[in-house]
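Following: one structure in structure tokens, then a few remarks.
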Amino acid sequence: MDFKPHSLERGFFARPALTVARELIGKVLCRRIGREVLAEVINETEAYIGPQDLAAHGSKGRTARTEVMFGPAGNWYVYFIYGIHWMLNAVTDDIDHPAAVLIRGAGPWTGPAKLTKAMSIDKSFNTLPIAPATELWIEDRGLVIRPRHIRRTPRIGVDYAGDWAKKPYRFVVEHA
DNA sequence: GCAGTGATCATA
DNA sequence: ATGATCACTGCC
């Protein structure tokens, strides 16, 4: 075997959100808390592809919250929603092109808010680089999820986005 | 089926 | 300053 596990670099994220969303399936989300490292295989993602995508926060223009999406790929975008939940996203694409991938599930945690709660992820990671130094990063450990086991569906919870709500921008590993 | 919960943003 | 909205979850 010549595969060597490695943490994903900015170049991985500096591509279209749909490409990144698909390729994040099977990668490993890692969170260090003191000496402990939690590591879970990503099994559900959604792509928010750019300014034309009415489901994406960046389509409303630059605001304090969305500014990070207009910045370089490879940073975390973490925001608070419904008064309770933190959502974890990876910024993708180029500078000034607001796009990101929402990480919706990893390991046993199916659901974006359950994931962030279980791995103690909150606003403190917003705008930080996706790298081991931030204590929250993503590794490629060589795991391959067969394409047959990855289903594409419309994104969850974006019914307000008209035709964009129907686009199959969600990737999820089939049960079994 | 829907209440809870509060940051964020537009409007003023 | 106020009100609407919200990339969700858990309980009814």
Side-chain angles (χ1 to χ4, degrees), chain A residues 8 12-27 29 31 38 40-94 96-130 134 136-138 150-175:
Chain A
L8 302 182
F12 177 93
F13 300 98
R15 296 181 293 162
L18 280 166
T19 302
V20 175
R22 165 63 186 81
E23 293 195 16
L24 279 178
I25 297 293
K27 300 297 189 293
L29 180 65
R31 167 80 169 100
L38 302 174
E40 298 293 349
V41 177
I42 295 169
N43 52 37
E44 184 181 352
T45 60
E46 281 176 356
Y48 290 83
I49 70 169
Q52 72 277 37
D53 177 1
L54 296 182
H57 292 164
S59 68
K60 304 293 193 296
R62 288 181 186 254
T63 66
R65 181 178 67 157
T66 63
E67 186 63 28
V68 62
M69 293 183 78
F70 290 81
N75 289 340
W76 293 116
Y77 168 40
V78 182
Y79 67 89
F80 193 58
I81 191 78
Y82 296 121
I84 314 181
H85 308 299
W86 296 102
M87 300 285 109
L88 177 66
N89 302 253
V91 175
T92 66
D93 287 74
D94 302 315
D96 292 330
H97 180 103
V101 171
L102 171 64
I103 299 176
R104 294 187 54 91
W109 298 304
T110 54
K114 292 185 211 169
L115 172 66
T116 54
K117 182 178 180 190
M119 296 183 84
S120 299
I121 295 164
D122 61 18
K123 184 90 180 163
S124 67
F125 292 96
N126 191 40
T127 76
L128 295 182
I130 301 171
T134 68
L136 183 63
W137 70 102
I138 300 173
I150 301 175
R151 175 188 295 259
R152 284 185 69 162
T153 81
R155 293 170 292 185
I156 305 298
V158 295
D159 292 345
Y160 60 85
D163 289 342
W164 288 91
K166 304 178 185 128
K167 299 194 180 283
Y169 290 174
R170 171 171 175 255
F171 298 83
V172 59
V173 178
E174 291 267 308
H175 180 255

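Please read these numbers as outputs of a predicted model, since none were measured by experiment. In what follows, chains carry the letters A, B, and so on, assigned in the order in which the sequence lines appear, proteins first and then strands, with residues in each chain numbered from 1.
The phosphate of C:dA7 has OP1 or OP2 within less than 4.0 Å of a side-chain N or O from A:Tyr160. The phosphate of C:dA7 has OP1 or OP2 within less than 4.0 Å of a side-chain N or O from A:His57. Within the structure, every side-chain polar atom (N or O) of A:Lys117 is placed at least 4.0 Å from both OP1 and OP2 of C:dG10. Residue A:Arg104 places at least one side-chain N or O closer than 4.0 Å to OP1 or OP2 of C:dC8.
The neighbour count for A:Arg62 CZ, taken as heavy atoms of other residues, nucleotides or ligands under 6.0 Å away, is above 12.
Listed candidates were C:dA7, B:dC9, B:dT8. Nearest to the side chain of A:Ala64 is B:dC9. Listed candidates were C:dC8, B:dG6, B:dA10. Nearest to the side chain of A:Thr63 is B:dA10. Closest contact between the side chain of A:Ile81 and the listed nucleotides B:dC9, C:dC6, C:dT9 involves C:dC6.
Here A:Arg65 lies in heavy-atom contact (under 4.0 Å) with sugar-phosphate atoms only. Among the protein residues, A:Lys114 comes within range of the sugar-phosphate backbone only, with heavy atoms under 4.0 Å from sugar or phosphate atoms but none that close to a base. Using a 4.0 Å heavy-atom cutoff across all strands shown, A:Ala113 reaches sugar-phosphate atoms only and no base atom.
A distance of 11.0 Å separates OG1 in A:Thr127 from CD in A:Glu67, rounded to the nearest 0.5 Å.
Separating the CH2 atom of A:Trp109 from the C1' atom of C:dT9 is a distance of 17 Å, rounded to the nearest angstrom. Put simply, CG on A:Leu54 is 16 Å from C1' on C:dT5, counting in whole angstrom units. One interatomic measurement links the two molecules: CH2 of A:Trp86 to C1' of C:dC6, which rounds to 14 Å at whole-angstrom precision. Going from atom CZ of A:Phe80 over to atom C1' of C:dT9 covers 13 Å, rounded to whole Å. In this structure, A:Glu44 places its CD atom 16 Å from P of C:dA7, rounding to the nearest Å. The CE-P distance, from A:Met69 to B:dC9, rounds to 13 Å in whole Å. Going from atom CE of A:Met87 over to atom C1' of C:dC8 covers 6 Å, rounded to whole Å. A straight line from OH of A:Tyr77 to P of C:dC6 spans 13 Å, rounded to a whole angstrom.
Of the possible donor and acceptor atoms, one in the side chain of A:Trp76 sits under 3.5 Å from a partner among the backbone N and O of A:Leu136.
The base of B:dA7 does not come close enough to the side chain of A:Tyr79 for any donor and acceptor atom to sit less than 3.5 Å apart.
Scanning all heavy atoms of the two residues, the minimum distance from A:Asn43 to A:Gly107 falls at ND2-O, 3.0 Å. Taking all atoms of both residues into account, the shortest heavy-atom contact from A:Gly26 to A:Val41 is CA-CG1, 3.8 Å.
Secondary structure note: stems in DNA chain B built from 3 or more consecutive Watson-Crick or G-U wobble pairs under 3.5 Å occupy B:1-4 with C:8-11, B:6-11 with C:1-6.
When each of A:Lys60 and A:Gly83 is assigned the nucleotide of DNA chain B bearing its nearest heavy atom, the one mapping closer to the 5' terminus is A:Gly83. In terms of position on DNA chain B, the residue among A:Tyr82 and A:Lys123 whose nearest nucleotide sits closer to the 5' end is A:Tyr82.
With sequence neighbours excluded, the residues satisfying side-chain contact (heavy atoms from CB on, under 4.5 Å) with A:Pro51 are A:His97, A:Pro98.
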Query raised in the report: Can you list the steps and then say if A:Met87 with A:Tyr77 is a side-chain contact (heavy atoms from CB on, under 4.5 Å)?
Result: CA-CA 8 Å; A:Met87 300 285 109; A:Tyr77 168 40; over 6 Å; no
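Partner of A:Trp86 under the ring-ring contact (aromatic ring centres under 6.0 Å, His included) criterion, chosen from A:Tyr79, A:Phe125, A:Phe80: A:Phe80.
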